[in-house]
Asks: 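First the structure, then my questions, so here it is.
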Protein chains: 2
Amino acid sequence: MFVPTSQRVAMAQSDTVDRILDAAEELFAERGFSETSLRMITSKAKVNLAAVNYHFGSKNALIHAVFARFLTPYCETLEHSFDNLETTLGGQAPTLEALLSALMESAIRMPHRNAYGISIFMRLLGLAYTQSQSHLRHFLENEYSATFSRFMRLLKEATPQLSAVDRYWRIQFMLGATAFTMSSSQALSDILQNKLGVETRVEEIVSRLVPFLAAGMQARPNSPLSQSA
Amino acid sequence: MFVPTSQRVAMAQSDTVDRILDAAEELFAERGFSETSLRMITSKAKVNLAAVNYHFGSKNALIHAVFARFLTPYCETLEHSFDNLETTLGGQAPTLEALLSALMESAIRMPHRNAYGISIFMRLLGLAYTQSQSHLRHFLENEYSATFSRFMRLLKEATPQLSAVDRYWRIQFMLGATAFTMSSSQALSDILQNKLGVETRVEEIVSRLVPFLAAGMQARPNSPLSQSA
DNA sequence: TCACGTATCAAACGTATGTTTTAAACAAAT
DNA sequence: ATTTGTTTAAAACATACGTTTGATACGTGA
């Protein structure tokens with residue numbers, strides 16, 4: 001949005017706030033939170049350094065705002081998806097594939113704000129887990145625990161054959177494969193593109209990830225291998 | 001003046017270098033690289049601040065040294081394990097389970113330097129991938145590409161049914177599930193102990209992880225789910 | 001037109017960082 | 001005893017960080 005400098009018109013608040021959020025979102029995804037300074041963000045957003053603290057209060061609050069901007073509508077979409085799943089099944093337990101698909105398709109169907117699609121959100125979610133930002137973890141737990149708990153309940157119904165301990169660990173394995181992969185999906189895509197000459201979108205990665213996770217979740221526990229270890 | 005460790009002749013009684021490495025290893029694993037300052041490391045190690053730059057040259061070189069201390073002997077052990085695998089099979093392709101077991105058992109058999117066992121190494125490996133430290137990535141590529149390439153070749157032989165792209169991504173999924181889980185296995189064990197009253201050792205986690213990974217690797221690609229996405 | 005709350009700006013604040021310097025203490029070899 | 005190299009110590013270095021300040025410009029309602 002170009003505004004002649006001679007007009008010297010004060011921009012509407014949303015303009016500055018959104019530009020900060022856009023720049024922060026990209027830089028956080030590329031470099032992580034600690035490695036991204038407010039000066040990088042404000043210079044990329046072409047706003048004054050003080051604007052971040054003026055509009056958001058602190059760097060941590062800006063991080064929270066970046067997450068809330070995409071996580072709040074995503075959780076709403078996901079809740080609707082869960083509603084449909086439950087009404088369609090009518091008390092029956094959902095299949096694991098259906099449950100994972102609800103997660104992934106809700107993510108893919110989110111409106112894209114830029115050319116990077118949802119990969120930037122996936123990367124941020126991965127960073128939220130792997131970087132040690134306690135304030136962010138607390139924020140996410142406080143804001144989105146309801147949707148998370150609902151997913152966990154549905155997952156338990158979808159895998160009745162697993163013991164509580166097995167299910168617990170396999171959830172960690174799933175979470176790890178997803179968060180880790182997505183936390184470097186852009187870098188991985190670049191590598192793959194150079195190595196194998198294949199262009200890869202996040203949707204394609206997800207379509208490869210879901211069968212992997214579903215098969216892992218439904219593996220027979222205590223295979224002969226596990227006893228040899 | 002900085003002198004490489006290998007050239008030092010007269011060794012004083014002090015174990016300054018090891019104390020720095022021990023402290024750095026733990027702090028890096030707990031907090032990440034950027035979030036850990038040299039002052040935290042030196043005060044935990046109870047050495048002078050200047051000792052790090054004296055013995056290692058820079059903070060980045062210290063990070064490399066932390067990785068080299070456990071990665072070099074691990075790769076040696078792993079190479080021997082691969083040797084045994086190849087001579088036993090005599091040209092035949094190894095099974096996926098045997099290959100994964102070689103990886104995991106080599107890790108478990110590493111001499112433990114502290115009470116955290118190998119989980120601290122797993123966590124560091126995970127950080128090496130997820131944190132944006134280009135110098136570290138370059139260091140690891142230069143130092144350990146031989147062993148890594150050998151593993152990739154064996155993995156390709158063990159999964160001939162997979163396309164190159166499928167295999168590539170599933171390796172990422174495996175790596176993610178492993179690094180993520182092990183990076184917080186101590187915390188996860190504590191949670192599990194309180195929640196379900198079960199004590200869990202790393203070896204037990206690994207015995208649960210391997211079947212999960214093997215099943216995921218051998219899942220049929222392009223399940224109906226992936227086409228609906 | 002005036003006053004008031006909002007937004008922007010350049011500048012400075014205090015703090016923490018990695019690194020370097022200078023000096024002294026120490027152990028072992030000459 | 002002297003030399004040589006290793007280690008500790010305290011301080012300072014320059015830089016980067018998040019945050020705050022005070023002045024100024026803006027748009028809106030009175």
Side-chain angles (χ1 to χ4, degrees), chain A residues 1-24 27-28 30-66 131-136 139, chain B residues 1-24 27-28 30-66 131-136 139:
Chain A
M1 217 76 69
F2 176 69
V3 177
T5 52
S6 60
Q7 259 177 296
R8 303 258 337 178
V9 173
M11 295 183 182
Q13 161 180 334
S14 60
D15 223 17
T16 299
V17 169
D18 284 340
R19 290 233 303 281
I20 291 174
L21 285 173
D22 288 340
L27 287 171
F28 285 153
E30 282 173 14
R31 315 172 40 91
F33 306 113
S34 302
E35 292 83 357
T36 302
S37 70
L38 293 186
R39 285 168 177 81
M40 292 180 199
I41 294 170
T42 53
S43 76
K44 175 170 184 140
K46 295 196 173 74
V47 300
N48 189 268
L49 168 62
V52 170
N53 282 279
Y54 176 77
H55 286 288
F56 296 94
S58 69
K59 182 184 180 179
N60 282 355
L62 170 62
I63 296 175
H64 299 171
V66 167
Q131 303 223 336
S132 69
Q133 301 269 342
S134 57
H135 67 92
L136 178 55
F139 170 78
Chain B
M1 175 167 297
F2 170 68
V3 179
T5 310
S6 58
Q7 289 179 16
R8 284 202 313 256
V9 189
M11 196 58 165
Q13 299 290 357
S14 165
D15 47 352
T16 303
V17 169
D18 285 333
R19 290 233 304 282
I20 292 174
L21 285 173
D22 289 339
L27 287 170
F28 286 153
E30 283 173 13
R31 316 171 39 89
F33 306 113
S34 303
E35 293 82 357
T36 302
S37 70
L38 292 185
R39 284 167 178 82
M40 293 180 197
I41 294 171
T42 52
S43 76
K44 174 171 185 140
K46 294 198 173 75
V47 301
N48 189 266
L49 169 63
V52 169
N53 282 279
Y54 174 77
H55 287 289
F56 298 95
S58 70
K59 182 182 181 181
N60 281 356
L62 170 62
I63 295 175
H64 299 171
V66 167
Q131 302 223 338
S132 69
Q133 302 268 341
S134 55
H135 67 92
L136 178 56
F139 170 78

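Quick caveat, the model's predicted, so the values are computed rather than measured. Each chain gets a letter, A, B and so on, in the order its sequence line appears, and its residues count up from 1.
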Asks: In whole angstrom, give the distance that lies between atom CD1 of A:Ile41 and atom C1' of D:dA16.
Replies: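 In whole Å, D:dA16 C1' and A:Ile41 CD1 are 15 Å from each other.
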Asks: Within the structure shown, what part of the strands sits under 4.0 Å from B:Thr36 by heavy-atom distance: base, sugar-phosphate, or nothing?
Replies: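 Result for B:Thr36 = sugar-phosphate.
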Asks: What closest approach, in Å, do B:Ile63 and B:Gln133 show between heavy atoms, and which atom pair accounts for it?
Replies: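 For B:Ile63 versus B:Gln133, the nearest heavy atoms are CD1-OE1, 4.5 Å.
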Asks: Determine yes or no for a side-chain-to-main-chain donor-acceptor pair under 3.5 angstrom, with A:Lys44 supplying the side chain and A:Asp22 the backbone.
Replies: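 Answer holds: no.
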Asks: Could you state the CZ-C1' distance from A:Arg31 to D:dC17, rounded to the nearest angstrom?
Replies: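 So the CZ-C1' distance, A:Arg31 to D:dC17, works out to 13 Å.
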Asks: For a quick check of understanding: with a heavy-atom distance under 4.0 Å over all strands, which category does A:Ser34 fall into, base, sugar-phosphate or nothing?
Replies: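 Counting heavy atoms under 4.0 Å across all strands, no contact is made by A:Ser34.
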Asks: What is the distance, to the nearest angstrom, from the OH atom on B:Tyr54 to the C1' atom on C:dT21?
Replies: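 Atom-to-atom, B:Tyr54 to C:dT21, this comes out as 15 Å.
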Asks: When you measure from every atom of DNA chain D, which of residues 43-50 of chain A have a heavy atom less than 4.0 Å away?
Replies: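 Output list: A:Leu49, A:Ala50.
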Asks: Looking only at the side chain of A:Lys59 (C-beta and beyond, no hydrogens), which of the listed nucleotides D:dT7, C:dT17, D:dG18 gets closest?
Replies: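 Looking only at heavy atoms from C-beta outward on A:Lys59, the closest nucleotide is D:dG18.
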Asks: What integer distance in Å separates B:Glu35:CD from C:dA16:P?
Replies: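 Rounding to the nearest Å, CD of B:Glu35 and P of C:dA16 are 16 Å apart.
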Asks: How long is the line joining NE2 of A:His135 and C1' of D:dG18, in whole Å?
Replies: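 Value for this atom pair: 13 Å.
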Asks: Would you mind telling me which of D:dT19, C:dT17, C:dT8 lies closest to the side-chain atoms of A:Ser58?
Replies: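 Out of D:dT19, C:dT17, C:dT8, the nucleotide with an atom closest to A:Ser58's side chain is D:dT19.
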Asks: Take the protein atom CG of B:Asp15 and the nucleotide atom C1' of D:dT6, then report the distance between them rounded to whole Å.
Replies: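 Atom CG in B:Asp15 sits about 14 Å away from atom C1' in D:dT6.
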Asks: Whole angstroms only, please: what is the CG-P distance between A:Asn53 and C:dA7?
Replies: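 Distance, rounded to whole Å: 15 Å.
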Asks: Describe, in one word, how the ring planes of B:Phe139 and B:His64 are oriented to each other, choosing from parallel (under 30°), tilted (30 to 60°) and perpendicular (over 60°).
Replies: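 The arrangement is parallel - the two ring planes meet at less than 30°.
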Asks: Is the distance from OP1 or OP2 of D:dC17 to the nearest side-chain N or O of A:Ser37 less than 4.0 Å?
Replies: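 Answer yes for this pair, as a side-chain N or O of A:Ser37 is under 4.0 Å from OP1 or OP2.
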Asks: Quick one: are A:Ile41 and A:Leu62 in side-chain contact, heavy atoms under 4.5 Å?
Replies: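 Contact flag for A:Ile41/A:Leu62 side chains = yes.
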Asks: When you measure from the side chain of B:Arg19 to the backbone N and O of B:Val47, does any donor-acceptor pair fall under 3.5 Å?
Replies: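 It does not hold such a pair.
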Asks: Nearest-Å distance, CG (B:Leu38) to P (D:dT8)?
Replies: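 These atoms are roughly 15 Å apart.
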Asks: In the structure I gave you, are the side-chain heavy atoms of B:Asn48 and B:Thr42 within less than 4.5 Å of one another anywhere?
Replies: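 The answer is no; the side chains never approach within 4.5 Å.
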Asks: Check for a donor-acceptor pair, side chain of A:Lys59 on one end and backbone N or O of A:Asn53 on the other, with a separation under 3.5 Å.
Replies: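 Pair absent, no side-chain N/O of A:Lys59 close to backbone of A:Asn53.
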Asks: Do the side-chain N or O atoms of A:His55 get closer than 4.0 angstrom to the phosphate oxygens (OP1, OP2) of C:dT8?
Replies: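 It does, given that an N or O in the side chain of A:His55 lies less than 4.0 Å from OP1 or OP2 of C:dT8.
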